Amino acid sequence: MIPEYKAAEIEKKWQKKWETTKLYRCNLQDLERKLYCLVMFIYPSGDKLHIGHWYNYAPTDTWARFKRMQGFNVFEPMGYDAFGLPAENYAIKMGVHPAESTEKNINVIREQLKAMGAMYDWDHEINTSRPEYYQWTQWLFLQLYKNGLAYRKKAAANWCPTCQTVLANEQVVDGYCERCESEVLTRDLEQWFFRITRYAEQLLDGHNQIQWPEKTISMQKNWIGKSIGATIDFKVVDHEDLIQVFTTRPDTLFGVTYMVLAPEHPLVEKLTRPEKRAEVDAYILQARKLREIDRTSTEKEKTGVFIGSYCVNPVNKEQVPIWIADYVLVTYGTGAVMAVPAHDQRDFEFAQKYHLPIRKVISPNGEKSEDDLTQAFEETGVMIDSGQFSGMESTKGIDAVVDYLWENGCGDRRVNYKLRDWLISRQRYWGAPIPIIYCEGCGEVPVPESDLPVLLPENVEFKGKGISPLATSPDFVDVPCPKCGKPARREIDTMDTFVCSSWYFLRFLTPKIKDRAFDTSICDAWLPVDQYVGGAEHAVMHLLYARFFVKALRDFGLIHFDEPFQRLVHQGTITNKGAKMSKSRGNVVNPDAFIEKYGADTFRMYMMFMGAYEEGGDWSDEGIVGIYRFLRRIWRIVLQIHESKPCGAEGTRYKKVVQQMHYAIKNCTGDLERFHFNTSISRIMELVNEISLYIQNVPANEQNRNLNEELIPNLLRLIAPFAPHFAEELWERIGKTYSIFDQKWPEHDESQLIKETTSMGIQINGKIRGQIEVAVDVNDADIIKMAMDDEKIKQYIKGKTIQKALVVKNKLVSLVIKDMP
RNA sequence: GCGAGAGUGGCGGAACUGGCAGACGCGCUAGAUUUAGGAUCUAGUGUCCUUCGGACUUGGGGGUUCGAAUCCCCCCUCUCGCACCA
């Protein structure tokens, strides 16, 4: 009598055994075949594990287990990105201290993660909100500070009125807060920045040495936004001032007919003529009122005003009027643009509206034409009406003009980036305090490393609004200056949580060391992370910041590699009945209910079966039973064969089963490698179907003994990464030694895949008309003959001439026929 | 608006470099077994045509090819990213 498959019981049993035997403890000293498999650690904001977490973690764990069985020394850690706004907001909502609620949530989540059955090495767990961790986040801040990569400045910052804090550029999506979707305002504030812009070029270069999705790389490239061009200085008439512009088209300099400054440009105030003052002020006021999103919309008609002053074009000494317009952004380039309406569509539209001259200086063929342009000609061509440069190819003209400007001291080559420095100050409580003290005498003083950590005070009013909660703790704020000992005050802002997660992959290796943030030699040995898995939404935030950190730390001599993550895979999104899951739609799938009903093994396996991992899939409450049935089917077959102990020697039918096994091993392995879990599972299903047919059709006493000895063990090895508890249980039940995860992943034998005959389709004029069974060693000419001798085919080719006949090996025969002339 | 990806049965999805479209699973139909089953097993299941058999089928339209889901051109829809970046 075959016992029932009791998932809950089995899963508990093995989770316990794995833990007590420390099966997944990784020996970091063993570097041969090391493999660092990392999944983005969890953000414990208050909710339990949702389906997205499962989809991130379970398949990655399957991959890691597969690699372990292939003989790799796999390090797969898990921890908590525990600081941050959602956790703080959750605590406020529940009326408890964030430290308390975070700790509680982590305890729940840890149990859930364990119930998933992943092979995390729990000895390496980290929690970024613990002083043991954030002490080193602060230490890293100081290293950046010491090396000139952390600085404070007053700047217009993105302010989220709901979150009551500033945000980094990366956290503002279309003018709205990435987290809470409130409209983001601008506020002038003193803020801390990390000088990520210094690494712009290196961040671009590094893309060449990592295997990441094309799309993610291009998003980063786009975000960094490199453009090569020149700066050009325009003297202002009757003023000492120079207006500097950045342009990628110095070859169009002779076509400049006006100058445009951003309304916020510092020179606007000074250069506005008295008679224009009222008009200009009104325009600036109006531009300010416009929401960022409206102002930057390309749909919006361009507007601007003339401020009354003129500047001089350095190549032809022509005076051109200076305008301000909100299509020029103060944050990009120099905040000023030389307008060339004939060769820039935006300038063209503006010039048309305000009747400014449009002067053609680039011609497609070098010839002048009197026709009016209907739109700007933005391509390259031949320079015309450009003084000594006329007749020159515009691509060469770029260099020639810049050389001329440089010689005359009014221009230079310049590479410009869109990337801005990373604003890391947050006016919130639940984060790592910035380790800086302000002293009236000594100014900005870094907290000495020996005084770290700067502990988050407990007695804080963190529910307040508009001011950093740390300001409400006098014990925290008032400190003696570390330099002169006089009364001073601490920085009251905390760091963006992305700072914590920019180096966690280093800490994971040695989470408990007390005297260093990380161990240089262990990091050098284990990094870069071999396989990183996480959401695509981090493309220009976490993934860019972490790369910046690694490059900076490398330059400080603390590590000796260039990139944190060698291979990167993003999981797709799970939908439910075709729609994105959301609380408002009410179609959120709660994993717990399904795990209770079918077990974690079925649940995780079904997620992998739904679709291609990187594309996500559509959840179906019905579909999951397919996997449940499949596991129970294996359960019965394995135990039945184990009981009946086949000892026969039946060979003909068995050969087919073996062939199917090698086919399954081959494809299952290849697909797992590429994170194609769904097709990988399909191959195992086919194998099970074949075994099932065999034991039904071949009498028990004849069944091949290898069924028990070779086939079933291999089947269990194949299923083990997908359904770990299930496979471990059956492995034990068939009398094998613990653990199946110390077993070697099966390898296929290519020679076993070769069939004696193949069935080939016969195509006539592109349409399949018949099938023939052909032995593999038959040559093409004979195959064609066989095809033409086929009864069915004869009907088609009777009375026709064969124009062409070809054989596609093992696939088909193609005949092209034509009526007899 | 620009850029990238996608569109395949009733459903989720396969098809690696052009080579028998629809693997695998869900659902459905019939049968077997069972006291019963939402358990299990077997067979069937793209659409249309009256059949042996045939015709049509990968968002729509054209093209290249002996042969196209796959390559090329035009159009439609969806998803994601960027959005005056000078």
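Values in this document were obtained by computation on a predicted structure and should not be read as measured data. Here is the naming used below: chain letters follow the sequence lines, and residue numbers restart at 1 for every chain.
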Open item on the list: Counting primed atoms plus P, OP1 and OP2 as sugar-phosphate and everything else as base, spell out the protein contacts along nucleotides 11-27 of chain B at 4.0 Å heavy-atom distance: B, S or - for each nucleotide, 5' to 3'.
Closed with: -BSS----BB--BBSSS
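Where pairing requires Watson-Crick or G-U contacts shorter than 3.5 Å, the helical stems of RNA chain B with at least three consecutive pairs are B:1-7 with B:76-82, B:10-12 with B:24-26, B:27-32 with B:40-45, B:46-49 with B:53-56, B:59-63 with B:71-75.
In this structure, W619(A) has its ring center under 6.0 Å from that of F594(A). A distance below 6.0 Å separates the ring centres of Y258(A) and F350(A). Taking the centre of each ring, Y5(A) and F726(A) come in below the 6.0 Å mark.
If you check the side chains of T331(A) and R420(A), you find no donor sitting under 3.5 Å from an acceptor.
If you check rA86(B), rU42(B), rC84(B) against the side chain of F246(A), the one that comes closest is rA86(B).
Between L631(A) and A723(A), the closest heavy-atom pair is CD2-CB, 4.1 Å.
When the nearest nucleotides of RNA chain B are assigned to R249(A) and R632(A) by heavy-atom distance, the more 5′-ward of the two goes with R632(A). Ranked by how close their nearest RNA chain B nucleotide is to the 5' end, G335(A) and M219(A) are led by M219(A).
Within a 6.0 Å radius of CD in E378(A), more than 12 heavy atoms belonging to other residues, nucleotides or ligands are found.
A cation-pi contact links K302(A) to Y327(A), judged by a cut-off of 6.0 Å to the six-membered ring centre and 45° from its axis. Taking the centre and axis of the six-membered ring of W212(A), the NZ or CZ atom of R547(A) falls inside the cone set by 45° and 6.0 Å.
One can place CG of L419(A) at 14 Å from P of rC82(B), the figure rounded to the nearest angstrom.
OP1 and OP2 of rG81(B) both lie 4.0 Å or more from every side-chain N or O belonging to S218(A).
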